[in-house]
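In what follows, chains are A, B, ... by sequence order, proteins preceding strands, each numbered from 1.
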2 protein chains.
Amino acid sequence: MKRKPSLEATAAWIRLVRVQTRVLDAVEQDLKKAGFPPLAWYDALLELSRAPTGELRPVELERQMLLPQYSTSRLIDRLVDEGLAARRECKIDKRGQFVEITEAGRELQKKMWGAYSAAIEKHVGSKLSDADAVKLCGLLDRLGCSCSEAQSPAIGEGTSAR
Amino acid sequence: MKRKPSLEATAAWIRLVRVQTRVLDAVEQDLKKAGFPPLAWYDALLELSRAPTGELRPVELERQMLLPQYSTSRLIDRLVDEGLAARRECKIDKRGQFVEITEAGRELQKKMWGAYSAAIEKHVGSKLSDADAVKLCGLLDRLGCSCSEAQSPAIGEGTSAR
DNA sequence: TCAAGATTGATGCAGGTGCATTCAGTGGGG
DNA sequence: CCCCACTGAATGCACCTGCATCAATCTTGA
């Protein structure tokens, strides 16, 4: 239980942190330079747009995005402030609410995917063969803190987390 | 240039972000629960303790840790406030300074490595064979934003970044 | 030698995040 | 039926981060 990690594991850990940080920063930077809001907004909009009715309970959004409750709450505030989503009353549970994506929200999500996918290609796709990408997935999945996610059977967009 | 990423690349990207976030959070949480300061402090102390003279220019620390300048500046503030490091005058360049690790700093770094290495083992080492860890390293290195780092030929401790 | 430009480091401000708490509403057991 | 424990969501506070900017010093080159 208190054993030390192997040098190999430690090296992998260091790479994981450094590389992800760099690549994520680069992608965020690309988005920002293209005049778009941060990735978290995209992820939220994507989740909302994927919901069959275009709306979700904050709790669900929270679970999808692996975000703490207060963080989701404030993210929704910002989306609403920008007219990208709207809070709608939840009749079946008066504590709760629904968050519904607006038309503007859907448009922004689509436009962002253009810039976002280009960034992914630039910083990840172009550096890895598909076969390597699959291997990387497999290895990373093994680290996936037990409680794995179902996660998007859909058209493979979306990031989430943090 | 504007090509879309493959589904494989996108999937890898998503895993990279989500898994790293989870594992990093878990490790930070373990450290915090053991009563230790955040990882960034550890990394800074490690870099300082590795320097032959036990001191570094802030700029160097900044480069080692891939941290923005202001971030390093304030991190040093905190370390100094806690008596883990000290600012020393730099005679050869009066704009600059040296940051020197204190005895307390060295001790904390060592104690933290106990908890930190245990966390690495728990969240990474135990889930990956050494061979897989090596493969993971290889794949991640390929994403390493061109400008690769020399990075610790030493005893393989240390994380840095962000 | 000296002015222009580059480099080192600090800091004010705006915004983001974590934590703990609060408040409203729900639901189950007695 | 009511009380109490629990859940959904918001928020005050402290702290952290990014950005832009500043002041001090160094370097270069005419």
K.L.:
I need the minimum non-hydrogen distance between Glu89(B) and Phe98(B), along with the two atoms involved.
P.N.:
O-CD1, 4.0 Å
K.L.:
Residues two or more places apart in sequence or in another chain: which of them pass salt bridge (charged side-chain N to carboxylate O under 4.0 Å, His left out) with Asp30(B)?
P.N.:
Lys122(B)
K.L.:
Specify the separation, in whole Å, of atom CD1 of Ile76(A) and atom P of dT11(D).
P.N.:
12 Å
K.L.:
Rounded to the nearest Å, what distance is computed from the CG atom of residue Leu67(B) to the P atom of nucleotide dC16(D)?
P.N.:
13 Å
K.L.:
Would you say dC19(D) has OP1 or OP2 under 4.0 Å from some side-chain N or O of Lys32(A)?
P.N.:
yes
K.L.:
Between Leu39(B) (CG) and dT17(D) (P), how many Å, whole number?
P.N.:
12 Å
K.L.:
Holding to salt bridge (charged side-chain N to carboxylate O under 4.0 Å, His left out), I want the full list of residues that pass it with Glu100(A), two or more places apart in sequence or in another chain.
P.N.:
Arg88(A)
K.L.:
Could you list the donor-acceptor pairs under 3.5 angstrom formed by side chains in residues 77-85 of chain A, with sequence neighbours left out?
P.N.:
| from | atom 1 | to | atom 2 | distance (Å) |
| --- | --- | --- | --- | --- |
| Asp77(A) | OD1 | Arg87(A) | NH2 | 2.1 |

K.L.:
Nucleotides 1-6 of chain C: which of its N/O atoms have a protein N/O under 3.5 Å away?
P.N.:
none

K.L.:
Between C1' on dA9(D) and CE on Met65(A), what's the gap in Å once rounded to a whole number?
P.N.:
17 Å
K.L.:
Can you tell me how far P of dG18(D) sits from CG of Leu75(B), to the nearest Å?
P.N.:
12 Å
K.L.:
Once you round it to whole Å, what is the distance between C1' of dT17(C) and CG of Leu24(B)?
P.N.:
14 Å
K.L.:
Given 3.5 Å as the limit, does a donor-acceptor pair link the side chain of Arg15(B) with the main chain of Ala11(B), or not?
P.N.:
yes
K.L.:
dG9(C) C1' sits how many Å from Leu79(B) CG, rounded?
P.N.:
16 Å
K.L.:
Please give me every residue in residues 85-94 of chain A whose heavy atoms get under 4.0 Å of an atom in DNA chain C, ordered by residue number.
P.N.:
Asp93(A), Lys94(A)
K.L.:
Does Val134(A) have any side chain to side chain contact (heavy atoms under 4.5 Å, CB included) partners at least two apart in sequence or in another chain, and if so, which?
P.N.:
Glu8(B)
K.L.:
What pairs with Thr72(A) under side chain to side chain contact (heavy atoms under 4.5 Å, CB included), at least two apart in sequence or on another chain?
P.N.:
Leu61(A), Glu62(A), Leu67(A), Ile76(A)
K.L.:
Output all residues satisfying side chain to side chain donor-acceptor pair (under 3.5 Å) with Ser129(A), sequence neighbours left out; order by chain, then residue number.
P.N.:
Asp132(A)
K.L.:
Hey, does the side chain of Arg22(A) reach the backbone of Arg18(A) with a donor-acceptor pair shorter than 3.5 angstrom?
P.N.:
no
K.L.:
Residues in salt bridge (charged side-chain N to carboxylate O under 4.0 Å, His left out) with Arg57(B), at least two apart?
P.N.:
Asp93(B)
K.L.:
Looking at Arg57(B), I'd like to know whether one of its side-chain N or O atoms comes within less than 4.0 Å of OP1 or OP2 on dG9(C).
P.N.:
yes
K.L.:
Find which nucleotide of DNA chain D each of Gln29(A) and Gln97(A) is nearest to by heavy atoms, and output the residue with the more 5' nucleotide.
P.N.:
Gln97(A)
K.L.:
Please state how far atom CD in Glu28(A) lies from atom C1' in dC19(D), giving the value in whole angstrom units.
P.N.:
16 Å
K.L.:
Give every pair of a protein N or O atom and an N or O atom of nucleotides 11-15 of chain C that lie under 3.5 Å apart, one pair per line with the distance.
P.N.:
| from | atom 1 | to | atom 2 | distance (Å) |
| --- | --- | --- | --- | --- |
| dG12(C) | O6 | Arg74(B) | NH1 | 3.4 |
| dG12(C) | O6 | Arg74(B) | NH2 | 3.2 |

K.L.:
Applying side chain to side chain contact (heavy atoms under 4.5 Å, CB included), can you list everything that pairs with Gln29(A), at least two apart in sequence or on another chain?
P.N.:
Lys32(A), Lys33(A)
